[in-house]
Amino acid sequence: VSAAAAPPASRAQRLVRHGILSWLATTDHKRIGIVYMSSTLVFFLIAGVLALVIRAQLAQANLHLVGPHAYNAIFTLHGTAMIFLFVAPFAFGLANYLLPLQIGAPEVAFPRLNAFSLWLFLFGGMSVLAGSITATGAAASGWTSYAPLSVLKVGFGAGQDLWIIGVLLVSSSSILTAVNLIATVFIYRAPGMTMWRIPIFTWEMVATSLLILMAFPMLTAVLMMLLVDRHLGGHFFDPTLGGSAILYQHLFWFFGHPEVYVLILPYFGVITEIIAVFSRKPVFGYTGLVLATFAIAGLSMGVWAHHMFTTGAVVDPFFSAVSFLIAVPTGVKFFNWIGTMWGGQLTFPTPMLYALGFLFNFLIGGVTGVMVASPPIDFQARDSYFLVAHFHYVIGGGSLFAIFAAIYFWFPKVFGFRLDERLGKWNFWLVFVGFNATFFPMHLLGVMGMVRRIYTYPNLPGWSELNAIASAGAVVQAIGVLVFIANIYISVLKRVPAGDNPWDAYSLEWATTSPPPELNFERVPPIRSERPAFDLNHPDVAAATAR
Amino acid sequence: MKPATVARAVTIAAGAALVTACSAQPLPLGATEQSRALHGMWVVFFWSGIGVAIVIYGLIAWCVLRYRRRSSDAAFPVQFRRNSRWEIVYTAIPLLMVVGLFLITFAAERHVEAIARQQDVVVDVTGFRWSWKFDYPQLGVSVTGTPHDPPTFELPIDETTRFNVTSVDVDHSFWVPAFLFKRDAIPGLQNVFDWTPNKLGDFRGECGEFCGLDHAAMTFGLRVVSRADFAHWIAAQHRVAIVGRGAAR
């Protein structure tokens, strides 16, 4: 339809197309993706400020900046926001934006369901945070919300209920998003886009979505059971009336361990794409990498009780063995990434720096992960700062670094202009140094016996020193994040045009304009390998190396 | 910043982290018979981890330094996509490693969790919000603390003590870091294990599972003493109990 033939748009139509309504009422996967990602970044900043309060409180022994109740609420909201409102949904936002583009589709399979997921998520997140303005304060039973503790009414009031309802909404939102993404990949691929040609990020989202479909209904169920115990006189978790306290841990971790892979698999995909592009080579061992992804996803369904080695209520050797096995496909991925760089021509713009930072940090998280998969080590490490260090190296050093990598990598595609490289490098090095200064000393604190979730600690030898280093590192990270915010602000002012494919990248989203048009492609280019945009730009290389 | 500078900085940072990790081996040896095996596990896993890190960081550093894009690089590098032989090798080696780690894990856990047929002392440990109660059922002694006044209990050295751990309200965990061991106190369940302390001294214990407001204050003391001192302490506890009962009356 040519512009001249179209009737002039009414005021209402213009509002729907360009004004605030265009964002509130949108079913466009790209706009939903942008709202998802930007709102998760707001939750990230909130969770980050809470982390700074934690590090201020723990900077020295016997400090009393905040009392125990406030501290418990702060680490509960910090963990909940980081896990449920930032790291997982950022991946859904990124997938919303990218997945249809990467497979050459004009939209996701169910656009209105997609909008519904977004609003469930936003209201869920706001419910969780709204707990902090209730009379008894926000939820304070940790992001794991263990029963029987979380069933207690004293000290766990309306804030706890808002937490349960909020996480229920977020969980339901994730299930609907998973349905949507799987349907989109399976039925909306462009001609020529066979399953063995979809980008690794899309593969990782397929595995992530399958995990969500298996694990998140359990979360929904266990939260409902908590509500029944709290308000309808249920006794699921009350052993004095025939319930079982350990049951909660089983149900929660049956969701909770696959959740760990929901938090990391998408970011394996991000890292894989970025490393390949900045090595100027295809992904090494594509098939093996996809199989490793599904091996990880499958095994992750059978390891939940490795969170329960010290309960004395599970068969430790079984869960230990399956947990160890996950190290094998994870190791395979490391070799895929190394193989991709091997013999390449590496450049180091900010996304690649963050990808290398991911490799550095995630290896530490992986090694300590194998350690805590061994029950005799877990007998000391469980619920100590060693464990805190371990999972921050995975979710912070891993996923968070990949999120920054993704933002720097895809920002030019989404908005049509680039982020500043010089500020990007400052951003990376501050966050990288700050991150390691914060979390490396925690390994030692844990081994020395510092238990997690305590609002203060006595002045035992070395504790104050190591905690002071950790707190100083947190300040450095915060400065790094401020540089990131400044970078976005300055780059938006400068608007240096990026072009359609500034990185000479591979997947289909780079073969359309930046930002892409309403239904993504004027014309979908021919798809003859897993690198359609590359083939388009370098037909000679493509012809010489066709698979 | 030039790529070369960045690459060098990454290498230096990685090297520094490795040196720190190698020089600091902060693990206490443990102060029970059982903790010898636990310490051994930490040593094996720590050094295996260092080995893995050296190999992987080495390979990454090699790629970053050797395969940097140079101004002379006009054409694309060789666009290889797979190498089945290497893929099998790098799947098989980690598999063999984790099988080995699992076997020693299994052996160590059996040793640590072995229950002696005859124990010398029995202690029933009960966690509650927010302190601990230690009962010696054979000796008729009981020690209870509060968050403001944590309890201290004593054990005789070189004798095997049986622990029965439970909770009366929410989940807690009975942890003595110097013994490298914790076991959860869960309402409705009773956990059983043995400790044979082999070092005299005062040890600090904590609650290892978040249990609400005063979780941080839920500590306790454990004093390992000679057999004679233990008998004195038990006798003193009896006197305290009798005086206490008198006062209560």
Side-chain angles (χ1 to χ4, degrees), chain A residues 68-69 142 146 148-149 155 239 244-246 280-282 284-286 288 310-313 316-317 320-321 324-325 327-328 331-332 334-335 338 341-348 356 359-360 363 367 371 374-377 379-380 382-383 425 444 447-449 451 453-456 541 545 547, chain B residues 1 3 6 10 14 24 26-27 37-38 41-42 45 49 52-53 56 59-60 63-64 67-69 73 76-79 81-82 87 90-91 94-95 98 101-102 105-106 108-109 112 169-171 173 177 180-184 186-189 191 204 206 208-216:
Chain A
H69 185 74
Y146 268 19
L149 182 68
S244 160
I246 201 77
R280 308 229 301 162
K281 278 180 60 220
F284 177 76
Y286 175 103
T310 59
T311 60
D316 287 2
S320 168
F324 279 138
L325 281 180
V328 177
V332 165
F334 262 96
F335 288 111
I338 292 167
M341 291 190 284
W342 201 267
Q345 294 167 355
L346 274 65
T347 49
F348 304 96
L356 291 170
L359 295 185
F360 179 86
L363 185 78
V367 165
M371 293 175 84
S374 173
I377 288 180
F379 293 161
Q380 178 82 341
R382 159 127 188 106
D383 263 22
K425 293 206 162 96
L444 308 178
V447 172
M448 290 155 75
V451 67
R453 293 173 167 177
I454 48 172
Y455 80 106
T456 191
V541 185
T545 63
R547 289 210 287 175
Chain B
M1 228 184 287
V6 174
V10 170
L27 282 175
L38 295 170
M41 294 295 291
W42 276 92
F45 275 74
V52 168
I56 300 287
L59 289 170
I60 293 172
C63 289
V64 167
Y67 301 119
R68 272 177 293 132
R69 188 173 183 184
D73 288 336
F76 275 87
V78 182
Q79 302 286 299
R81 283 184 159 91
R82 67 169 76 80
E87 292 186 66
Y90 68 59
T91 312
L95 186 63
V98 298
L101 290 175
F102 172 71
T105 286
F106 188 70
E109 188 173 0
V112 170
D169 40 40
V170 303
D171 296 357
S173 191
L180 307 180
F181 190 86
K182 71 169 68 67
R183 184 79 2 140
D184 293 356
I186 295 169
L189 290 180
N191 273 319
R204 183 170 179 273
E206 300 170 87
E209 179 64 65
F210 178 63
C211 54
L213 198 63
D214 268 335
H215 173 53

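Worth knowing before you read on, the calculation uses all heavy atoms, side chains too, and leaves out hydrogens, waters and symmetry mates. A, B, ... follow the sequence lines: proteins, then strands. Residue 1 opens every chain.
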Give, as side chain, backbone, both or neither, the part of [X] having an atom under 4.5 angstrom from any heavy atom of chain A.
| X | value |
| --- | --- |
| B:D73 | both |
| B:E87 | side chain |
| B:L180 | both |
| B:F106 | side chain |
| B:I186 | side chain |

Would you mind telling me which of [options] has the largest number of heavy-atom pairs within less than 4.5 Å of chain B?
| options | answer |
| --- | --- |
| A:I246, A:I338, A:V367, A:T311 | A:T311 |
| A:G331, A:G288, A:P317, A:G142 | A:P317 |
| A:I377, A:D383, A:I454, A:V328 | A:I377 |
| A:P376, A:S320, A:A321 | A:P376 |
| A:R280, A:R382, A:M371 | A:R280 |

Heavy-atom pair of closest approach, residues [X] and [Y]:
| X | Y | answer |
| --- | --- | --- |
| B:V98 | A:A327 | CG1-CB, 4.0 Å |
| A:F348 | B:R68 | CE1-CG, 3.4 Å |
| A:T456 | B:A216 | O-CB, 3.9 Å |
| A:K281 | B:Q79 | CA-OE1, 3.9 Å |

Can you tell me which of [options] forms the most heavy-atom pairs within a distance under 4.5 Å of chain A?
| options | answer |
| --- | --- |
| B:P187, B:G188, B:P77 | B:P77 |
| B:L101, B:D169, B:V52, B:D214 | B:L101 |
| B:L59, B:V112, B:V78, B:N191 | B:N191 |
| B:C211, B:A37, B:S173, B:A108 | B:C211 |

Relative to chain B, which segment of [X] carries a heavy atom at a distance below 4.5 Å: side chain, backbone, both, or neither?
| X | answer |
| --- | --- |
| A:V451 | both |
| A:P148 | both |
| A:Y455 | both |
| A:F334 | side chain |

**Item:** Pair B:D184, A:T310: side-chain N/O donor-acceptor within cut-off below 3.5 Å
**Value:** yes

One should read off an interatomic distance between A:F284 CZ and B:R82 CZ, to the nearest 0.5 angstrom, of 9.5 Å

d(B:Y67 OH, A:Q345 CD) to nearest 0.5 Å is 12.0 Å

Given the ring of A:F379, does B:R183 sit roughly above its face, with NZ or CZ under 6.0 Å from the centre of the six-membered ring and within 45° of the axis? yes

Check whether any side-chain heavy atom of [X] lies under 4.5 Å from a side-chain heavy atom of [Y], and answer yes or no.
| X | Y | result |
| --- | --- | --- |
| B:T105 | A:F324 | yes |
| A:F335 | B:I56 | yes |
| A:Y146 | B:F210 | no |

Trace of the side chain to side chain contact (heavy atoms under 4.5 Å, CB included) decision for B:R69 with A:L346 = CA-CA 5 Å; B:R69 188 173 183 184; A:L346 274 65; 5.9 Å; no

Check: Looking only at atom types and distance, does a side-chain atom of A:Q380 sit under 3.5 Å from a main-chain N or O of B:P177, one as donor and one as acceptor?
Finding: yes

